[in-house]
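What follows is one structure encoded as structure tokens, with my remarks underneath.
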Number of protein chains: 2
Amino acid sequence: MAKAKAKAASDRLGSSERIRLAALGLFKARGYHGTSVRDLAEALGIEPASLYHHFPSKQAILVDLFDRTMDIMQDRLHQAIAGGATPAAQLRNFVRFHVLFHIECQDEAFVSHSELRSLTAPNHRRMIGKRDRYEKAIRELLAAGVRAGEFEIADVRLTSIAILMMCSGVSDWFTRRGRLKPEKVADSYADMVLRLVRAR
Amino acid sequence: MAKAKAKAASDRLGSSERIRLAALGLFKARGYHGTSVRDLAEALGIEPASLYHHFPSKQAILVDLFDRTMDIMQDRLHQAIAGGATPAAQLRNFVRFHVLFHIECQDEAFVSHSELRSLTAPNHRRMIGKRDRYEKAIRELLAAGVRAGEFEIADVRLTSIAILMMCSGVSDWFTRRGRLKPEKVADSYADMVLRLVRAR
DNA sequence: GTCTATAACTAGATAGAC
DNA sequence: GTCTATCTAGTTATAGAC
């Protein structure tokens, strides 16, 4: 059973890490507001009060998940792009990274998108800031490709958001029990995106 | 104010229609579980108990929104595709329709995607069935284009889901106060998708 | 068709023992 | 670090008056 395996793996994790993992699963399946502190405690086999030793509130758990996910994404984005010599190579690297991230950190990516509205106003603002910084990097990648004569793009802003929506959608539908391996999906998406921008 | 205008328009609607409209706005902004029956009643200027004269439960309101949205989409999909002579023309018509629907019925489309998990098990199964029928129509459109030698697609299933994610994403980011008019967005998306499938 | 009043239950969070 | 016990408030939904 996948469940038993997940349990065995989580036994080797710290308490806070186990809480994060369980919260991620529940927030994905039922949403933040659809998950009670009691639900979360039950999934962990502890009492609700015990959770408050590790996190001051349910909202703090959500924010913690967001911060980790957004920061890891931003870090790895720059590593991925840095590996490409031309804008076309950088775009291929970016799409492959973005798709693979949305598969490997599927729950993190899904929750970081679907539960934005469940953040309190200040937390929401902060995460929108991180998201905007990420999106700006993609726009600049596309604009550089246009300047270099490698891409043919009518509207960089529109194209960047279209590409991001397409690639982030992977966390919506991908399943490990599916037909395609992560690497195959990542390569196919990179091909589609490069055609989309008419890369030479 | 947009709010005052929405209120004036809703005054001419039936009670059930006004409830649907208010629920749509709240479910989009806060989610189904993040919206209480009290919130909804307050937005309508009535007491919570009054809602139960029009709908038997909060879930019934959500299901009603889903049914209307999914049925309208399915109907208009066939009208849109029927207007094209070739697979390429049909695909352009489909993308234009799908994007324009996700702009004009933005809240309906957004909620019908984001709140799938808030449906009870039998309702969820029913909506997944409707969604699958819609997706199947797109796959068949792409497959017909490949058979006719008009599209070059390595994996029809993967490409269809990528296109759908990209186009449905419009309901996530579009705003009427933005830079681009709906028609412009629809045309640009159609161009991008036709390049994606290497349409002749 | 909307109200008041309320039932029956669940929510997030805390106090303090162990 | 986890527990029992509990607080306060909020949840969906119903009964029955007007």
Side-chain angles (χ1 to χ4, degrees), chain A residues 7 9-66 111 114-124, chain B residues 7 9-66 111 115 117-124:
Chain A
K7 181 63 164 51
S10 78
D11 281 351
R12 268 169 272 122
L13 302 171
S15 298
S16 299
E17 201 55 44
R18 285 178 57 230
I19 293 170
R20 266 188 282 271
L21 211 66
L24 210 46
L26 288 171
F27 292 171
K28 190 193 179 184
R30 312 179 195 173
Y32 176 77
H33 290 298
T35 303
S36 68
V37 173
R38 281 173 169 78
D39 291 338
L40 180 53
E42 192 178 15
L44 289 160
I46 59 175
E47 293 303 312
S50 305
L51 284 168
Y52 290 88
H53 177 75
H54 305 279
F55 291 93
S57 67
K58 183 176 138 181
Q59 174 78 197
I61 302 174
L62 183 65
V63 171
D64 193 89
L65 292 174
F66 263 95
V111 168
S114 61
E115 297 303 335
L116 260 174
R117 65 185 172 191
S118 301
L119 292 166
T120 58
N123 291 330
H124 189 265
Chain B
K7 181 61 164 53
S10 78
D11 282 349
R12 269 169 271 124
L13 300 172
S15 297
S16 298
E17 200 56 43
R18 286 178 57 231
I19 293 170
R20 266 188 282 271
L21 211 64
L24 210 45
L26 288 170
F27 291 172
K28 189 193 179 185
R30 313 180 195 174
Y32 175 77
H33 290 298
T35 304
S36 69
V37 174
R38 276 172 169 79
D39 292 337
L40 180 53
E42 193 179 14
L44 289 159
I46 59 176
E47 294 302 313
S50 305
L51 283 168
Y52 291 89
H53 177 75
H54 304 280
F55 291 93
S57 67
K58 183 175 136 181
Q59 174 78 197
I61 300 175
L62 183 65
V63 171
D64 192 87
L65 291 174
F66 263 95
V111 170
E115 297 303 335
R117 64 185 173 190
S118 301
L119 293 166
T120 58
N123 290 331
H124 189 266

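Labels below follow one simple rule: chain letters A, B, ... track the order of the sequence lines, proteins then strands, and each chain is numbered from 1. Predicted model, so just to flag it, every value in this text is computed and none were measured.
- Nucleotide D:dT11 holds its P atom 11 Å from the CD atom of B:E42, rounded to whole Å.
- Checked against D:dA13, D:dG1, C:dT2, the side chain of A:H54 finds its nearest nucleotide in D:dG1.
- For the pair B:L40 CG and D:dA13 C1', the computed distance is 14 Å after rounding to whole Å.
- Nearest to the side chain of A:V37, among D:dC3, D:dG1, C:dG12, sits C:dG12.
- Distances were taken from every side-chain heavy atom of B:I46 (C-beta onward) to each of C:dC3, D:dT12, C:dG12; the shortest belongs to C:dC3.
- Rounded to whole Å, atom P of D:dT2 lies 15 Å from atom OH of A:Y52.
- In this structure, B:L51 atom CG and D:dA15 atom P are separated by 17 Å, rounded to whole Å.
- One atom, NZ of A:K58, and another, C1' of D:dA9, lie 15 Å apart when rounded to the nearest Å.
- In this structure, of D:dG1, C:dG1, C:dA15, it is C:dA15 that holds the atom nearest to the side chain of A:A49.
- Side-chain N/O atoms of B:S36 include none lying less than 4.0 angstrom from OP1 or OP2 on D:dG10.
- A donor-acceptor contact under 3.5 Å is formed by the side chain of A:R38 with the base of C:dG12.
- B:A41 and B:E47 make their closest contact through CB-C, 3.7 Å (heavy atoms, listed as atom of the first residue, atom of the second, distance).
- Applying the 4.0 Å criterion to OP1 and OP2 of D:dT11, one finds that A:H33 has every side-chain N and O outside that range.
- The shortest non-hydrogen separation linking A:T35 to A:K58 is O-NZ, 2.6 Å.
- Minimum heavy-atom separation, A:H54 to A:S16: ND1-OG, 4.0 Å.
- With a 6.0 Å radius and a threshold of 12 heavy atoms from other residues, nucleotides or ligands, B:E42 has its CD atom at or below the threshold.
- At a threshold of 4.0 angstrom between heavy atoms, the contacts of B:T35 are confined to the sugar-phosphate backbone, with no base atom among them.
- At least one side-chain nitrogen or oxygen of B:S50 sits closer than 4.0 Å to the OP1 or OP2 atom of C:dC3.
- B:Q59 approaches B:S118 most closely through the heavy-atom pair NE2-O, 3.2 Å.
- Distance CZ (B:F55) to P (C:dG1): 12 Å, rounded to an integer number of Å.
- In this structure, B:H53 places its NE2 atom 17 Å from P of D:dA13, rounding to the nearest Å.
- B:I19 has its CD1 atom 11 Å from the C1' atom of C:dT2, to the nearest Å.
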